[in-house]
Amino acid sequence: MAVLHPTSQIDPSSITSGLNPEQKLAVETTEGPLLIIAGAGSGKTSVMTRRIAFLLGVRKVEPWNILAITFTNKSAKEMNERVRKLVGDRAQDMWMSTFHAMCVKILRREAEQLGYENNFSILDAQDQSAAIKQCMLDLNYDMKKFDPAILQWKISSAKNELLSPKQMKQTASSTLLDSIAANVYQAYQEKLASINAFDFDDLIFHTVHLFSTRQDVLERYQEKFLYLHVDEYQDTNRAQYQLVRLLADKHRNLCVVGDSDQAIYRWRGADISNILNFERDYPEATIIKLEQNYRSTSTILEAANAVIAHNQQRKEKRLWSANGQGEKISVYAALDQTDEAVYVIAKVQEHVGAGGQYRDCTVLYRANAQSRAIEEAFLQAAIPYKILGGLTFYDRREIRDVMAYLKTIANPQDEISLLRIVNVPKRNIGEGTIRRMLDFAHDHELSLLEAMGRVEEAEVGAKATAAIKKFYSLIVDLHDMQEGLSVTEFVEEVLRKTGYREMYETSHKEEDQNRLENLAELLTVTRAFDRRRRGTLADFLAETSLLSDLDKESGKTENAVHMMTMHASKGLEFPVVFLVGAEETIFPHARSMDTLEGIEEERNLCYVAITRAREKLHISYCTERSIFGQLQMNDPSRFLEEIPADFIERSGHDGHVTPHFTIGLTVRHPQYGTGVITDLNGAEEDLSIAITFHSRHGTKWVKPSLTKLRVLDS
DNA sequence: TACGGGATGCTTTTT
DNA sequence: GCATCCCGTA
């Protein structure tokens, strides 16, 4: 595609060509607030990119006056590329990123205003958990009595609601747990400030705080961002909402895009009223509905419509598709997870055999834990697959260790990272020594690393003193080296000088060889970073910590079946979709089942999942599933019943027909496992059968009318 | 201080 | 059923 010269006049019709009237209107309505209600597959990304191209190419808006916020880094990148194709390299100067990445950029510039330094660290969920545990220890709270994970969640929620520790104390004195959470929150924030670190929620929280307390700073950004765009507006939380409001308040050129039916993040603080109340917040707003779906067959779309219609709390909207009817939705009743996996494999192979590609197929599940059964089966059947999300590259121990070294060096105050690596590899700096150093640091108001620099003054043994001195000079040396080196060169130095790589090289364990490979992979990542931009170590760290696994893979589409959670699939589309585990307590998930809101959000998730499919949708459920090593029987998901029967083609092991039991038949009992029928007694409701189990349970008499037995094929 | 064995508790979903 | 963490032992 030809890249246009920046000064050349761009023909407006080239930007809007091929759009339907609503889409065209959305592109050309550039002034004032605009709400685009975009159903699944309605070409929303295309509208967004063309709208921005229109601003740049036709309205002659400068790129640095445009802000566009997306849900993932990947979609930001994609959108940027698409705009570039339309208007050329100028597009690079736009701010196009996630909320978090945008806030990092702002906070790097404004850190001093908040009493932070601009080399601050960003704590991820695990660091966060470590810090919270430390605070609980300091405050003498029993971690067995008060679950740190729950406190972490409560603190995160408070930040999303823009509550400071003080405000949380005032509002939440209702329960003991809440007031403890507020105390830990306070200590935690103090700790973060002292180690010059923000957690994910802080990035937004502090930016909002800055803008609400410093009118001059806010005005600078209001004057900069003349045109604002927010994608997935239905999934913004209170803090994000406030941030957008503040920025848009002056010029009010705010375009938000969303679909309340696709709101799936309420559990992490997203507030659907942000989109529902847009008209109230901006009475002069233009509202455009995009209801034509360009993605799916009408069968798939009608099924999705039928399911979502069961939600009471929604605005009526009906998507339609001019695509053909397509195939029916296949619903498969599996015996168990293995059988379900076998079904998926058979259908994948069928698709490939008919000339399709592995990469056309995607398996969607409710929870990451479900991926294992499918993965094992894929492995066995030699089907190439790729799991997105779940345990990411950056969660691996060796990667976290190296990152902790880098964080320590980039931000010497970062005690969380320092504690992680101080004795990795082993340096004979043990628990007791650390404790004393922490106390010493605390008493003299030093950071832990500073305290280590003055280890002679702390009262630790001669051996420990020597070990700490050595460690301290290692870190100082590395710190002094970082200037002038690329990130890659620097990481090489870290791996070498710390002895970290050697630790694994001298090991003969299989898994340690794997770790070495991962370290090599990390260097590939740094090389890519160095090539792209000549950033600092802090830039690299910020970029990687805000990157999720989903963002990593974009350009090269591997020819493999993709596997991910339904949440992760939002915004994506695939020719063939397998929705597995469609059972009560799995989907909808047990923890969302007791409230109407919970169920409705699960239904939104179902709507999202169904509408990912372009051509063919398979839904499967297990009549029996082992969870925690225990056999469980679940009813098929209620969402299945909500799809009109005409759209469905059923197969598999339907549990409705009572099987005919005969001696010699192999059956499976929910608790005792498989066995052979050895005797019969009575009939109909009173029928009892004797089963000799393969397990140590021996022979037992069972009434099929009371216990759900499965007949196994042959 | 390092390692191994056993108990424990866990499963939503993510920037 | 598995990974993590805790505690006991060398």
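What you are looking at is a predicted structure, and each value in this text was computed from that prediction instead of being measured.
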* For H618(A), side-chain hydrogen bond (donor to acceptor under 3.5 Å, both in side chains) partners two or more places apart -> Y343(A)
* Output all residues satisfying side-chain hydrogen bond (donor to acceptor under 3.5 Å, both in side chains) with T98(A), sequence neighbours left out; order by chain, then residue number. => none
* **Ring-base stacking, W267(A) with dT13(B) (5.5 Å, 30° cut-offs)** => yes
Dump every N/O contact between nucleotides 1-5 of chain B and the protein below 3.5 Å, one line per pair.
| unit_1 | atom_1 | unit_2 | atom_2 | d |
| --- | --- | --- | --- | --- |
| dT1(B) | OP1 | G430(A) | N | 2.8 |
| dT1(B) | OP2 | E431(A) | N | 3.2 |

* **Residue pairs passing the side-chain hydrogen bond (donor to acceptor under 3.5 Å, both in side chains) test where at least one lies in residues 458-472 of chain A, sequence neighbours excluded** => E456(A)-K469(A)
* Please tell me which of the listed nucleotides, dT15(B), dT11(B), dT14(B), lies nearest to the side chain of T565(A)? => dT14(B)
Could you give the [atom1]-to-[atom2] distance, from [X] to [N], as a whole number of Å?
X	N	atom1	atom2	value
Y365(A)	dT13(B)	OH	C1'	12 Å
R266(A)	dT15(B)	CZ	P	20 Å
H100(A)	dT14(B)	NE2	C1'	9 Å
F71(A)	dT13(B)	CZ	P	14 Å
Q240(A)	dT14(B)	CD	P	16 Å
I599(A)	dT13(B)	CD1	P	18 Å
H206(A)	dT15(B)	NE2	C1'	17 Å
I150(A)	dG9(B)	CD1	P	13 Å

* Asked: Quick one: is N368(A) getting a side-chain N or O under 4.0 Å of the dT14(B) phosphate, OP1 or OP2?
  -> yes
* Asked: OP1 or OP2 of dT14(B) sitting under 4.0 Å from any side-chain N/O of T72(A)?
  -> no
* What pairs with D124(A) under salt bridge (Lys or Arg N to Asp or Glu O under 4.0 Å), at least two apart in sequence or on another chain? -> R400(A)
* Relative to each other, are the rings of H209(A) and F205(A) parallel, tilted or perpendicular (30° and 60° limits)? -> parallel
* Asked: What nucleic acid atoms does F99(A) come within less than 4.0 Å of, heavy atoms only: base, sugar-phosphate, or nothing?
  -> nothing
* Contacts of A158(A) that satisfy side-chain contact (heavy atoms from CB on, under 4.5 Å) - sequence neighbours left out -> L163(A), M168(A), Y185(A)
* To do: Sequence neighbours left out, what passes ring-ring contact (aromatic ring centres under 6.0 Å, His included) with F200(A)? Give chain and number order.
  => H100(A)
* Structure fact -> Taken in chain and number order and not counting sequence neighbours, the residues that satisfy ring-ring contact (aromatic ring centres under 6.0 Å, His included) with F120(A) are F198(A)
* Asked: Closest heavy-atom contact between I399(A) and N518(A)?
  -> CD1-O, 3.6 Å
* **Contact boundaries on DNA chain C for chain A, cut-off under 4.0 Å to non-hydrogen atoms** => dG1(C) to dC2(C)
